[in-house]
There are 2 protein chains.
Amino acid sequence: MEHKDDSYKFKKVISIGVVSELTGLSQRQIRYYEERKLIFPDRSKGTRKYSFDDVERLMDIANKREEGVTTREIRRELTKELREKMLKGQMNAHFRFRG
Amino acid sequence: MEHKDDSYKFKKVISIGVVSELTGLSQRQIRYYEERKLIFPDRSKGTRKYSFDDVERLMDIANKREEGVTTREIRRELTKELREKMLKGQMNAHFRFRG
DNA sequence: CGTGTAAGGAATTCTGACACG
DNA sequence: CGTGTAAGGAATTCTGACACG
């Protein structure tokens with residue numbers, strides 16, 4: 001329950017031009033953050049598609065960059081978050097099915 | 001309260017190609033329904049932008065068309081709904097501020 | 001490292017029209 | 001009436017590169 005993945009927030013339907021308008025970032029920046037693995041758009045026949053969640057994430061990234069945080073550090077933070085989430089997922093599974 | 005218009009559902013950010021994929025309708029059909037005033041995308045420099053709400057609405061339209069309902073009839077239904085909503089809005093205002 | 005820009009090509013979208021019915 | 005299609009142009013997006021620092 002709660003996992004409505006079909007939710008508007010996560011559907012990758014927005015083109016880079018619109019994302020640029022929404023975030024105030026240049027297309028160059030957006031593509032670069034992808035290259036640095038901070039963001040992961042879908043590809044529909046070559047052209048990138050972003051979700052509203054991606055847009056929010058890009059705004060976070062923009063804030064961090066303004067504070068002087070490098071893409072490398074942002075990438076590390078993301079990796080750490082993912083690690084924590086995976087651990088939490090395992091613990092959930094553990095206590096739900098075995099605890 | 002409740003009126004979070006900034007909600008993902010109503011932001012017009014989706015291009016016609018994606019809407020076509022999402023709804024299964026041809027771009028021709030989508031443009032035609034606009035011509036018949038069943039749908040109202042935004043325009044950003046010429047190109048149409050739709051919201052998820054528009055996408056849902058288009059799916060409703062598609063269903064009605066399959067049932068043989070004409071665009072004219074769908075248009076009438078829409079007009080009627082709008083009339084009812086405006087009436088309701090007036091009544092709200094009436095009872096809230098004067099009742 | 002992070003971002004701008006010019007370059008050339010590929011994919012997308014637009015409109016108005018003709019077609020069929 | 002509702003939709004397909006070919007046509008030509010306009011706007012969008014893509015990549016790889018050079019620039020600066």
Side-chain angles (χ1 to χ4, degrees), chain A residues 11-80, chain B residues 11-80:
Chain A
K11 275 227 154 176
K12 309 241 179 187
V13 297
I14 314 178
S15 65
I16 196 167
V18 174
V19 172
S20 175
E21 287 175 10
L22 257 35
T23 60
L25 294 167
S26 69
Q27 301 190 185
R28 181 69 169 94
Q29 288 174 306
I30 297 167
R31 294 196 190 103
Y32 180 65
Y33 298 154
E34 177 182 357
E35 188 184 322
R36 300 311 311 269
K37 299 189 177 167
L38 307 184
I39 194 87
F40 307 93
D42 267 8
R43 292 285 181 132
S44 88
K45 255 193 282 177
T47 89
R48 277 168 265 249
K49 297 298 177 196
Y50 303 82
S51 66
F52 280 111
D53 191 55
D54 290 331
V55 170
E56 288 191 1
R57 170 146 188 70
L58 280 166
M59 288 173 132
D60 279 359
I61 293 171
N63 287 335
K64 287 181 185 163
R65 284 291 303 126
E66 275 181 20
E67 293 166 19
V69 185
T70 65
T71 58
R72 192 135 217 280
E73 289 164 326
I74 299 173
R75 171 64 186 165
R76 284 195 194 294
E77 288 171 23
L78 177 58
T79 306
K80 191 190 299 175
Chain B
K11 276 228 152 173
K12 308 242 179 187
V13 296
I14 315 177
S15 66
I16 197 167
V18 174
V19 172
S20 175
E21 286 175 9
L22 258 35
T23 60
L25 294 167
S26 69
Q27 299 190 186
R28 181 70 169 93
Q29 288 175 307
I30 297 168
R31 293 196 190 101
Y32 180 65
Y33 298 155
E34 177 182 357
E35 188 185 322
R36 301 310 309 272
K37 299 188 175 166
L38 307 184
I39 194 89
F40 307 93
D42 267 8
R43 293 285 181 133
S44 88
K45 252 193 283 176
T47 89
R48 277 167 264 250
K49 297 298 176 197
Y50 303 82
S51 66
F52 281 110
D53 190 56
D54 290 332
V55 170
E56 289 191 0
R57 171 147 188 69
L58 280 166
M59 289 173 131
D60 279 359
I61 293 171
N63 287 334
K64 287 180 184 163
R65 284 292 303 125
E66 275 181 19
E67 292 167 19
V69 185
T70 64
T71 59
R72 192 136 217 278
E73 290 164 326
I74 299 173
R75 171 65 185 164
R76 283 194 195 294
E77 288 171 23
L78 177 58
T79 307
K80 191 191 298 175

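In what follows, chains carry the letters A, B, and so on, assigned in the order in which the sequence lines appear, proteins first and then strands, with residues in each chain numbered from 1.
In terms of phosphate contacts, Tyr32(A) brings a side-chain nitrogen or oxygen within less than 4.0 Å of OP1 or OP2 of dG2(C). The shortest distance between the side-chain N/O atoms of Lys45(A) and the OP1/OP2 oxygens of dT12(C) is below 4.0 Å. Taking 4.0 angstrom as the limit, Tyr33(B) places none of its side-chain polar atoms (N or O) nearer than this to OP1 or OP2 of dG2(D).
The two residues Phe40(B) and Lys37(B) make their nearest non-hydrogen contact at CZ-O, 3.2 Å. The minimum heavy-atom distance between Arg57(A) and Leu38(A), with the atom names listed, is NE-O, 2.8 Å. Nearest heavy-atom pair across Lys49(A) and Ser15(B) is NZ-OG, 4.3 Å. Closest approach of Ile74(A) and Lys64(A) over heavy atoms only: CD1-CB, 3.8 Å. Annotation for Asp54(A) and Lys12(A): closest pair OD2-NZ, 2.9 Å, computed over non-hydrogen atoms. Nearest approach of Leu25(A) to Ala62(A), heavy atoms of both residues: CD2-CB, 4.0 Å.
Phe52(A) is listed as a side-chain neighbour of Val13(B), based on a closest heavy-atom distance under 4.5 Å.
The pair Glu21(A)-Lys45(B) fails the salt-bridge criterion, with no side-chain N (NZ, NE, NH1 or NH2) lying under 4.0 Å from an Asp/Glu carboxylate O.
Computed from coordinates, the Arg31(A) CZ to dT15(D) C1' distance equals 9 Å when rounded to whole Å. Atom CZ in Arg36(B) sits roughly 13 Å away from atom C1' in dT3(D) (whole-Å rounding). Arg43(B) has its CZ atom 19 Å from the P atom of dT12(C), to the nearest Å. The distance between atom CG of Asp42(B) and atom C1' of dT13(C), rounded to the nearest whole Å, is 16 Å. Nucleotide dG4(D) holds its P atom 14 Å from the CD atom of Glu35(B), rounded to whole Å.
For the residue pair Arg28(A) / Tyr32(A), no side-chain donor-acceptor distance below 3.5 Å is found, with atom types taken as modelled.
Surrounding CZ of Arg75(A) are more than 12 heavy atoms belonging to other residues, nucleotides or ligands, all under 6.0 Å away.
Helical stems involving DNA chain D, defined as 3 or more consecutive Watson-Crick or G-U pairs under 3.5 Å, span C:2-5 with D:17-20, C:17-20 with D:2-5.
Ile39(B) pairs with exactly one of Arg31(B), Arg48(B), Glu34(B) by the side chain to side chain contact (heavy atoms under 4.5 Å, CB included) rule, that one being Glu34(B).
Of the residues in residues 48-76 of chain A, Arg65(A), Thr70(A), Thr71(A) come within less than 4.0 Å of DNA chain C through at least one heavy atom, sorted by number. Proximity of residues 14-29 of chain A to DNA chain C (heavy atom under 4.0 angstrom from any strand atom) is restricted to Ser26(A), Arg28(A), Gln29(A).
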